[in-house]
A.B. asks: 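Please see the structure below; I have some questions.
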Amino acid sequence: MADRRRINGPVGTTIPPIYDDASEKKSEGVKTTRSRPANVIRKMYLKTGVTPSASGSAYLEIESSGNGGSGLKLSCSVHGPRALPRSTPFSPHIILSTHVKFAPFATKQRRGYIRDPIERDLGTHLEAALRGSIIADRWPKSGVDIIISIVEGEQDRETSKAQGIEAWDTMNALSGCITVASAALADAGIDCVDTVAGGVAALVQDAGDDAAPSIVVDPIPSEHEKVLAACCIAYLPTRQEVTNLWFKGDLPASDMDLYSQLVEKGIQASKSANWVLVDCLNETVG
Amino acid sequence: MATTSSSPSMAIPGQFLGPVSKFQPGPGTHIHESNLYASLLGVVNIAQPAKAPGPVKRLNKIINTQTSPAELPTISVLRAAGSSDKREVLPEVGNVVLCRVIRIMPRQAVVAILICGDTVLEAEWQGLIRVQDVRATEKDRVKIYDSFRPGDIVRAEVISLGDQASYYLSTARNELGVIMATSEAGNTMYPVNWKEYKDPETGLSEPRKVAKPY
């Protein structure tokens, strides 16, 4: 992985400064529980037009959980519609290409410069979600590039990895990516059927013997004892269509309805995110 | 901006604009289930159709003055002018474009499309002027080297979406052809007639397919 084109930092991990509070005050068992109601998503900040050199751009920030974790910060830029390279065969519709990348400093465990499978996965899901909303045949022989840079990954990835719940953070990242990409596409002037926003719903089990699994919206994995299943939905509100659905986990066989309930909550989360998106776009225009 | 009571003045993608029975769809809109929705972020523009001619004073003929479907107002969504007017357009069949000749080959000239209509294009679109599309007459006896040279600015019309690499253009009209050319000595030339440009300093003329000045 010798990268000779850049001036690289030291090879291998660097140790971030460790403060006394983090290791002493927090004992293993102490964990904050979810403070929001089950149906409420976290506050978001969304702004378009942040990158002047791109055709369209947007920046999304989701507030942090408050127990020492970091929030999610995403920056998206859209380049296009641009001409396809000569070697690409003729295509009567626009060709979408998505790139999602965690910045190396985004998480507590330093990441590499080269895309890893999680980022590729996010890119594929994002493309599926956006493909349902772009009117592709208005732009023949063109391509559009959507590049998302995750500047700050969600919360404390060290704890996530240790507790084995890394996968759930990816869901939150995907829903943020969908929302920010949608805002950037609208800013770039690419014809879209509707504004697509992402939402996550999860089936969680809280600590306590009498706690039954409950469905919460916009979950923070470290706030719950255990996450059983989660689903990320990309939803078009005006047309009432789901463009992408990513489901992970195990559902207990006792309740047949749980799957559809989870999807319903995911759609609710997506609608809440869509309000923020619509507000932001209205501010951009008027 | 004058708007009807039901349609908004600003639109975001997916916003309802009106039923198909009241408006014609223009750029930036799409139709879904007999309703018009916006597909771009921008200002809504309603263009009234050209007025139908009033009743003609003819005693023996009755003119139909009913509103035909083609006379509905056209509703379109244009990107807000405040965002530095960066709307990218795609060359469409029938558009007149300005392009620069990049390469000439025995049977075609390769051009780079610079301006489409009034918009300067950001993307690098390539176009092709085939030998049979240079002139309207005597198509078989056209010589590309006598019609275009690399570096000329040409006004052409898009005739086809073309293949994977380039659009197909045509200069087969009087007002299409080379509008600016530089001589081999390096001076800007002025047109003499439909097939010659002349260098004012050296006095030499060079053959081109010249566009008729407006």
Side-chain angles (χ1 to χ4, degrees), chain A residues 48-49 52-58 78-92 94-95 133-135 137-144 182-197 236-241 274 277-286, chain B residues 1 8-17 25-33 35-44 76-93 110 112-113 119 121-128 158 160-168:
Chain A
T48 56
S53 60
S55 310
S57 54
V78 169
H79 295 100
R82 38 156 76 141
L84 289 173
R86 299 284 138 70
S87 53
T88 325
F90 176 83
S91 104
I94 202 169
I95 293 188
S133 99
I134 294 182
I135 304 179
D137 48 8
R138 296 240 170 128
W139 300 96
K141 295 208 302 183
S142 325
V144 63
S182 183
L185 279 176
D187 188 36
I190 295 180
D191 295 70
C192 288
V193 158
D194 203 350
T195 49
V196 60
L236 297 174
T238 314
R239 287 215 180 176
Q240 296 175 349
E241 280 177 19
N274 197 62
L277 184 55
V278 164
D279 242 354
C280 165
L281 292 180
N282 277 329
E283 264 179 43
T284 312
V285 139
Chain B
M1 169 177 309
S9 58
M10 310 283 191
I12 64 171
Q15 184 153 357
F16 174 73
L17 293 174
T29 60
H30 68 274
I31 299 177
H32 179 62
E33 288 175 2
N35 283 323
L36 278 170
Y37 295 92
S39 60
L40 287 181
L41 181 67
V43 289
V44 178
S76 55
V77 180
L78 304 166
R79 261 188 105 192
S83 63
S84 73
D85 207 21
K86 272 196 302 192
R87 168 109 174 106
E88 178 77 0
V89 290
L90 219 52
E92 279 174 31
V93 176
V110 178
I113 302 177
T119 334
L121 299 181
E122 272 188 50
E124 282 284 310
W125 300 110
Q126 201 182 51
L128 206 66
V158 180
S160 156
L161 217 46
D163 56 15
Q164 71 189 56
S166 29
Y167 283 84
Y168 286 172

A.B. asks: Specify which of Ile135(A), Leu185(A), Val193(A), Leu84(A) makes the most heavy-atom pairs with chain B at under 4.5 Å.
C.D. replies: Val193(A)
A.B. asks: Please indicate whether Glu283(A) has more than 12 foreign heavy atoms, meaning atoms of other residues, nucleotides or ligands, lying under 6.0 Å from its CD.
C.D. replies: no
A.B. asks: Tell me if a side-chain donor or acceptor on Arg86(A) pairs with a main-chain N or O of Gln164(B) at a distance below 3.5 Å.
C.D. replies: no
A.B. asks: Val278(A) and Ile12(B): side chain to side chain contact (heavy atoms under 4.5 Å, CB included), yes or no, with the steps?
C.D. replies: CA-CA 8 Å; Val278(A) 164; Ile12(B) 64 171; 3.6 Å; yes
A.B. asks: Can you see which heavy atom on Ser39(B) is nearest to which on Asp191(A), and at what distance?
C.D. replies: OG-OD2, 3.0 Å
A.B. asks: Testing the basics here: between Ala123(B) and Ala83(A), what is the closest heavy-atom pair and its distance to 0.1 Å?
C.D. replies: CB-N, 3.8 Å
A.B. asks: With respect to chain A, which residue among Met10(B), His32(B), Gln15(B) yields the maximal number of heavy-atom pairs within a distance under 4.5 Å?
C.D. replies: His32(B)
A.B. asks: Identify the heavy atoms of Cys192(A) and Pro13(B) that sit nearest to each other, and give their distance.
C.D. replies: O-CB, 3.8 Å
A.B. asks: Not counting sequence neighbours, which residues clear side-chain contact (heavy atoms from CB on, under 4.5 Å) with Asp194(A)? List them please.
C.D. replies: Leu236(A), Pro237(A), Thr238(A)
A.B. asks: Is it the side chain or the backbone of Leu90(B) that comes within 4.5 Å of chain A heavy atoms, both, or neither?
C.D. replies: both
A.B. asks: Report which part of Arg138(A) has an atom under 4.5 Å of a heavy atom belonging to chain B: side chain, backbone, both, or neither.
C.D. replies: both
A.B. asks: With rounding to the nearest 0.5 angstrom, report the CZ to CD distance, Arg239(A) to Glu33(B).
C.D. replies: 8.0 Å
A.B. asks: Sort out for me which of Ser91(A), Ser142(A), Ser133(A) touches chain B most, counting heavy-atom pairs under 4.5 Å.
C.D. replies: Ser142(A)
A.B. asks: Is it the side chain or the backbone of Thr195(A) that comes within 4.5 Å of chain B heavy atoms, both, or neither?
C.D. replies: both
A.B. asks: Could you pull out the closest heavy-atom pair between Phe90(A) and Leu161(B), with the gap in Å?
C.D. replies: CZ-CD2, 4.1 Å
